[in-house]
Amino acid sequence: RKEFVDLYVNYVFNESIRKPFEDFMQGFLRGCPARKWKMFLPVELQTVLQGHTKFDWYLLEKNVTYVQYKKLDQTIRNFWTVFHKLPEEKKKSFLAFLSGSDRIPGYGLEHFKFHITDPQVGNPDELYPSAYTCSHALVLPR
């Protein structure tokens, strides 16, 4: 029985996925040569590839720059009051809305910057908040 279980586990976790994994690995190594990755410890490589999963949301607030807004404008104060009351998953959803990922890039939250911009439209009630993920900009109507 032990031999059967060992062979079955080997088949499920190794043999059955060998070809797809080899194809993936070949493509991955073509774009990211292995010699470049050897300088990282496994935990560092995971952070580089996946990003950070621990957040200091007050540091995120501190790193914001405002365009056509001031930090003490009522809209901005309301935004941060509501944001800090959100559950963790909703904050991550906001991060995904803003940047395209619910994780902070490997360079760390202290270097992650974004902008909050006033679209300066005639009737801000007719406009939803939107984001430019490439430039990490949140368009927030008053």
Side-chain angles (χ1 to χ4, degrees), residues 2 4-142:
K2 182 183 179 335
F4 173 79
V5 169
D6 290 344
L7 289 171
Y8 184 75
V9 167
N10 182 53
Y11 173 77
V12 169
F13 289 114
N14 297 315
E15 298 303 321
S16 69
I17 62 163
R18 184 172 312 281
K19 177 70 172 124
F21 181 77
E22 286 173 355
D23 293 343
F24 164 78
M25 188 58 113
Q26 181 182 4
F28 182 81
L29 292 176
R30 188 177 321 143
C32 305
R35 64 185 174 280
K36 304 253 190 232
W37 298 105
K38 289 182 180 178
M39 68 180 170
F40 294 108
L41 295 171
V43 116
E44 294 170 329
L45 183 58
Q46 181 178 5
T47 300
V48 167
L49 294 175
Q50 293 181 337
H52 293 277
T53 56
K54 294 187 176 151
F55 308 98
D56 177 351
W57 299 111
Y58 290 97
L59 183 57
L60 180 72
E61 178 183 358
K62 184 178 150 190
N63 288 342
V64 173
T65 55
Y66 301 99
V67 181
Q68 285 100 26
Y69 272 122
K70 291 184 176 50
K71 185 176 183 172
L72 296 177
D73 285 346
Q74 190 63 47
T75 302
I76 298 300
R77 290 192 320 222
N78 290 346
F79 171 81
W80 287 114
T81 299
V82 169
F83 179 83
H84 288 301
K85 289 180 181 178
L86 292 172
E88 191 73 10
E89 283 306 309
K90 294 288 186 182
K91 290 176 183 175
K92 288 180 183 179
S93 294
F94 168 76
L95 191 58
F97 174 71
L98 176 68
S99 67
S101 173
D102 65 350
R103 295 174 183 236
I104 297 294
Y107 52 77
L109 186 59
E110 59 274 3
H111 301 290
F112 182 82
K113 311 248 187 254
F114 78 97
H115 313 285
I116 297 180
T117 304
D118 179 0
Q120 296 184 324
V121 292
N123 186 355
D125 290 335
E126 294 177 354
L127 194 65
Y128 291 109
S130 58
Y132 295 101
T133 56
C134 293
S135 59
H136 298 153
L138 174 67
V139 178
L140 184 66
R142 290 186 179 266

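Starting from 1, each residue takes its place in the sequence as its number.
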Taking all atoms of both residues into account, what is the closest heavy-atom pair of [X] and [Y], and its distance?
| X | Y | value |
| --- | --- | --- |
| Glu61 | Tyr66 | O-OH, 4.3 Å |
| Leu86 | Lys90 | CB-CB, 4.0 Å |
| Pro124 | Pro141 | O-CB, 3.7 Å |
| Arg77 | Thr81 | O-OG1, 2.8 Å |
| Pro129 | Phe97 | O-CZ, 3.7 Å |

Just distance, no hydrogens or angles: give the donor-acceptor pairs under 3.5 Å from side chains in residues 4-11, sequence neighbours left out.
from: Asp6; atom 1: OD2; to: Lys2; atom 2: NZ; distance (Å): 2.8
from: Asn10; atom 1: OD1; to: Asn14; atom 2: ND2; distance (Å): 2.7

message: Asp73: which residues meet the salt bridge (Lys or Arg N to Asp or Glu O under 4.0 Å) condition with it, sequence neighbours left out?
response: Arg142

Sidechain-backbone polar pair: Ser99 side chain, Ser101 backbone, donor-acceptor under 3.5 Å: yes

- request: Show your working on side-chain contact (heavy atoms from CB on, under 4.5 Å) between Ile76 and Lys70 and close with a plain yes or no.
  value: CA-CA 8 Å; Ile76 298 300; Lys70 291 184 176 50; over 6 Å; no

Measuring from [X]:[atom1] to [Y]:[atom2], what's the distance to the nearest 0.5 Å?
| X | Y | atom1 | atom2 | answer |
| --- | --- | --- | --- | --- |
| Glu88 | Ser93 | CD | OG | 10.5 Å |
| Gln120 | Leu127 | CD | CG | 12.0 Å |
| Leu138 | Ser130 | CG | OG | 7.5 Å |
| Thr117 | Leu140 | OG1 | CG | 9.0 Å |
| Leu95 | Leu60 | CG | CG | 7.0 Å |

message: Could you tell me if the side chain of Tyr69 sits less than 4.5 Å from the side chain of Thr75, heavy atoms only?
response: yes

- request: Compare all side-chain heavy atoms of Trp80 with those of Ile116 and state whether any distance is below 4.5 angstrom.
  value: yes

field: Salt bridge present between Lys92 and Glu89 (N-O < 4.0 angstrom)
entry: yes

query: Does Phe79 have its ring centroid less than 6.0 Å away from the ring centroid of Phe94?
result: yes

query: Strictly under 6.0 Å, is that where the ring centroids of His115 and Tyr132 end up?
result: no

task: Determine, for Phe83 and Lys91, whether the Lys NZ or Arg CZ falls below 6.0 Å from the six-membered ring centre while staying within 45 degrees of the axis.
output: yes

Distance-only donor-acceptor check, side chains Gln26 and Asp23, under 3.5 Å: no

- prompt: Between Asn63 and Leu59, is a side-chain contact (heavy atoms from CB on, under 4.5 Å) present by the stated rule, with each step listed?
  reply: CA-CA 6 Å; Asn63 288 342; Leu59 183 57; 4.0 Å; yes

task: Go through the steps to decide whether Val139 and Tyr128 satisfy the test side-chain contact (heavy atoms from CB on, under 4.5 Å), and finish with yes or no.
output: CA-CA 8 Å; Val139 178; Tyr128 291 109; over 6 Å; no

message: Set out, in order, the CA-CA distance, both residues' side-chain angles and the distance that settles side-chain contact (heavy atoms from CB on, under 4.5 Å) for Tyr58 and Lys62, then state yes or no.
response: CA-CA 6 Å; Tyr58 290 97; Lys62 184 178 150 190; over 6 Å; no

